[in-house]
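The next block holds one structure in the form of structure tokens; read it before the comments.
Throughout, numbering of the chain's residues begins at 1 and tracks the sequence. On a predicted model such as this, the values are computed, not experimentally measured, just so you know.
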Amino acid sequence: MSGQKKITKLITILLLTAIVLGVISGCTSSATKAESTNRLDAIKERGYLEVVMEPYFAPFEFIDPSKEGQEQYLGSDVEFAKYIADKFGVELRIVPLEFGAVLSSITEGKYDLAISALAYTPARIEAMNMSKGYYFPKDNPGYGLLIRKEDASVIKGTEDIKDKIIVAQSGSLQELLVNEQVPEYKEFKRVSATTDGFLMVEEHKADVCAVSIAMAQLYIDANPKAGLMIVENFEFEVDESVSGTRVGIPLGENELTEEINKIVDEVVSTGLFEKWYMEYTEYAKSLGL
């Protein structure tokens with residue numbers, strides 16, 4: 001091989017080596033950057049916060065049909081989401097989904113936060129990070145049973161529904177409470193929205209619906225002709241140590257969770273969330289929700 005050919009071959013090898021090393025270096029740099037960028041940083045860099053919720057649970061989240069776009073979503077949870085976005089200095093984008101999809105989208109990391117009147121459950125805490133509780137219904141009832149008024153004399157507690165059809169929202173704390181605290185029933189049906197459960201009882205497609213009592217009472221007050229009521233003197237037992245409405249956060253996003261907890265402390269200590277809750281309770285009533 002001539003000297004010129006040797007030099008040409010050497011230059012070619014050196015160029016190929018440089019290209020390969022550059023690619024490797026670039027990949028390593030990108031991987032390192034990806035690993036070091038947590039979701040909190042990503043939210044601030046992109047300039048918006050995506051919050052997923054099921055907007056059919058007044059007064060936490062509901063829709064005003066007279067409004068459009070993002071403005072149609074209202075409620076105490078919506079105000080809380082706005083507050084968080086303001087604290088981060090970013091735009092808020094609400095993503096409405098049915099409740100089961102709210103949960104799965106957060107466990108899969110599709111969105112930044114789930115703010116949808118979420119309660120603590122053992123299954124959820126294994127699948128996602130959860131914030132501190134930001135709403136504790138101290139002076140409000142917890143979870144109970146919705147029935148038709150005509151059945152008031154025969155359904156007074158869980159022991160009276162062994163031959164009845166009970167319904168609850170799929171993936172909700174109410175579903176867990178039925179599984180744990182209702183000893184026997186004829187059939188247990190799941191629905192995507194709690195209001196669908198109300199309608200099933202009203203239309204005699206189910207006999208009992210496990211409910212958040214405060215939310216169900218809003219519906220009863222707004223729909224007196226439905227002939228529904230809450231079973232008196234009955235509430236499901238809920239462990240106080242895990243009580244409170246919480247924010248769902250993709251699993252492992254600890255920096256984001258820490259910041260959300262700081263904001264939770266702020267809205268709880270100042271009474272802001274309680275103020276929003278009372279304000280949107282009245283708003284929801286005005287809409288007949």
Side-chain angles (χ1 to χ4, degrees), residues 49-67 69-88 90-99 102-103 106 111-120 124 130-144 169 171-174 193-195 198 211-222 238 242-249 257 259-289:
L49 172 72
E50 287 188 307
V51 173
V52 63
M53 63 177 59
E54 182 216 30
Y56 303 106
F57 200 77
F60 289 95
E61 42 270 323
F62 55 93
I63 291 175
D64 183 340
S66 70
K67 301 179 183 295
Q70 292 283 301
E71 297 300 317
Q72 68 184 310
Y73 304 116
L74 300 169
S76 51
D77 274 351
V78 177
E79 289 301 316
F80 186 30
K82 289 177 181 177
Y83 192 85
I84 293 170
D86 286 344
K87 285 289 184 179
F88 289 171
V90 299
E91 172 193 351
L92 171 64
R93 296 183 183 179
I94 291 173
V95 181
L97 292 175
E98 67 174 34
F99 193 70
V102 167
L103 299 177
I106 286 298
Y111 301 107
D112 302 315
L113 303 173
I115 306 181
S116 195
L118 295 185
Y120 175 101
R124 287 177 194 169
M130 297 198 83
S131 74
K132 296 178 179 179
Y134 62 85
Y135 177 68
F136 300 86
K138 296 177 182 177
D139 300 320
N140 292 316
Y143 298 90
Q169 184 180 47
S172 68
L173 177 60
Q174 296 93 295
T194 300
T195 48
F198 299 165
V211 297
S212 160
I213 295 176
M215 186 263 191
Q217 193 61 55
L218 274 177
Y219 182 89
I220 291 169
D221 293 343
V238 179
V242 295
S243 65
T245 305
R246 300 163 186 252
V247 178
I249 305 159
T257 303
E259 288 304 307
I260 294 299
N261 280 336
K262 290 178 183 177
I263 297 172
V264 167
D265 287 341
E266 189 173 324
V267 300
V268 171
S269 64
T270 59
L272 260 179
F273 193 86
E274 184 68 27
K275 174 178 174 291
W276 294 328
Y277 184 89
M278 297 305 296
E279 175 185 347
Y280 283 100
T281 295
E282 296 305 312
Y283 196 128
K285 286 180 180 178
S286 73
L287 294 178
L289 300 177

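Contact annotation: the side chain of F273 approaches that of D77 to within less than 4.5 Å [non-hydrogen atoms, C-beta and beyond]. S76 has its side chain out of reach of Y135: every pair of non-hydrogen atoms, C-beta onward, lies at least 4.5 Å apart. Under the 4.5 Å side-chain criterion, counting only non-hydrogen atoms from C-beta, E266 is in contact with K87. Two residues are said to be in side-chain contact when any heavy atoms from C-beta on lie closer than 4.5 Å; V267 and K275 fail this criterion.
Summarising the geometry of T281 relative to P59, their closest heavy-atom pair is OG1-CG, 3.3 Å, with the distance given to 0.1 Å. Shortest non-hydrogen contact noted between L92 and A85 is CB-CB, 3.8 Å. Nearest approach of P55 to Y73, heavy atoms of both residues: CB-CD2, 4.0 Å. Shown here for S131 and I260, the closest heavy-atom pair between the two residues is CB-CG2, 3.9 Å. Here the shortest heavy-atom pairing between L173 and Y120 reads CD1-O, 3.9 Å. Taking each heavy atom of A222 and G288 in turn, the nearest pair found is CB-O, 3.1 Å.
Distance CG/L74 to CD/E279: 9.5 Å, rounded to 0.5 Å. Here I84 contributes atom CD1 and E79 contributes atom CD; the two are 12.0 Å apart, rounded to the nearest 0.5 Å. In this structure, the separation between CE on M130 and CD1 on I106 is 10.0 Å, given to the nearest 0.5 Å. From E98, atom CD reaches atom CG of L103 across 10.0 Å, with rounding to the nearest 0.5 Å. Expressed to the nearest 0.5 Å, how far CG of L218 lies from CD of E282 amounts to 9.0 Å. Between the CH2 atom of W276 and the OH atom of Y134 there is a distance of 10.0 Å, given to the nearest 0.5 Å.
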Please list, one pair per line, the donor and acceptor atoms closer than 3.5 Å that link side chains of residues 111-119 to other protein atoms, with sequence neighbours excluded.
{"unit_1": "D112", "atom_1": "OD1", "unit_2": "R39", "atom_2": "NH1", "d": "2.9"}
{"unit_1": "D112", "atom_1": "OD1", "unit_2": "R46", "atom_2": "NH2", "d": "3.1"}
{"unit_1": "D112", "atom_1": "OD2", "unit_2": "R46", "atom_2": "NH1", "d": "2.8"}
{"unit_1": "D112", "atom_1": "OD2", "unit_2": "E50", "atom_2": "N", "d": "2.8"}
{"unit_1": "S116", "atom_1": "OG", "unit_2": "E54", "atom_2": "N", "d": "3.0"}

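No donor-acceptor pair under 3.5 Å is formed between the side chain of E61 and the backbone N or O of V78. Not a single donor-acceptor pair under 3.5 Å links the side chain of R93 to the backbone N or O of Q70. A donor-acceptor pair is defined here as one N or O able to donate and one able to accept, closer than 3.5 Å; such a pair exists between the side chain of Q72 and the backbone of G69.
Exactly one of F99, F80, Y277 qualifies for a ring-ring contact (aromatic ring centres under 6.0 Å, His included) with F60. That residue is Y277. Results of the side-chain contact (heavy atoms from CB on, under 4.5 Å) test with V211 over Y143, F198, Y219 single out F198 as the only residue that passes.
Within 6.0 Å of the OH atom in Y56, the count of heavy atoms belonging to other residues, nucleotides or ligands does not exceed 12.
Salt bridge annotation for K132-D265: present, with a cationic side-chain nitrogen under 4.0 angstrom from a carboxylate oxygen.
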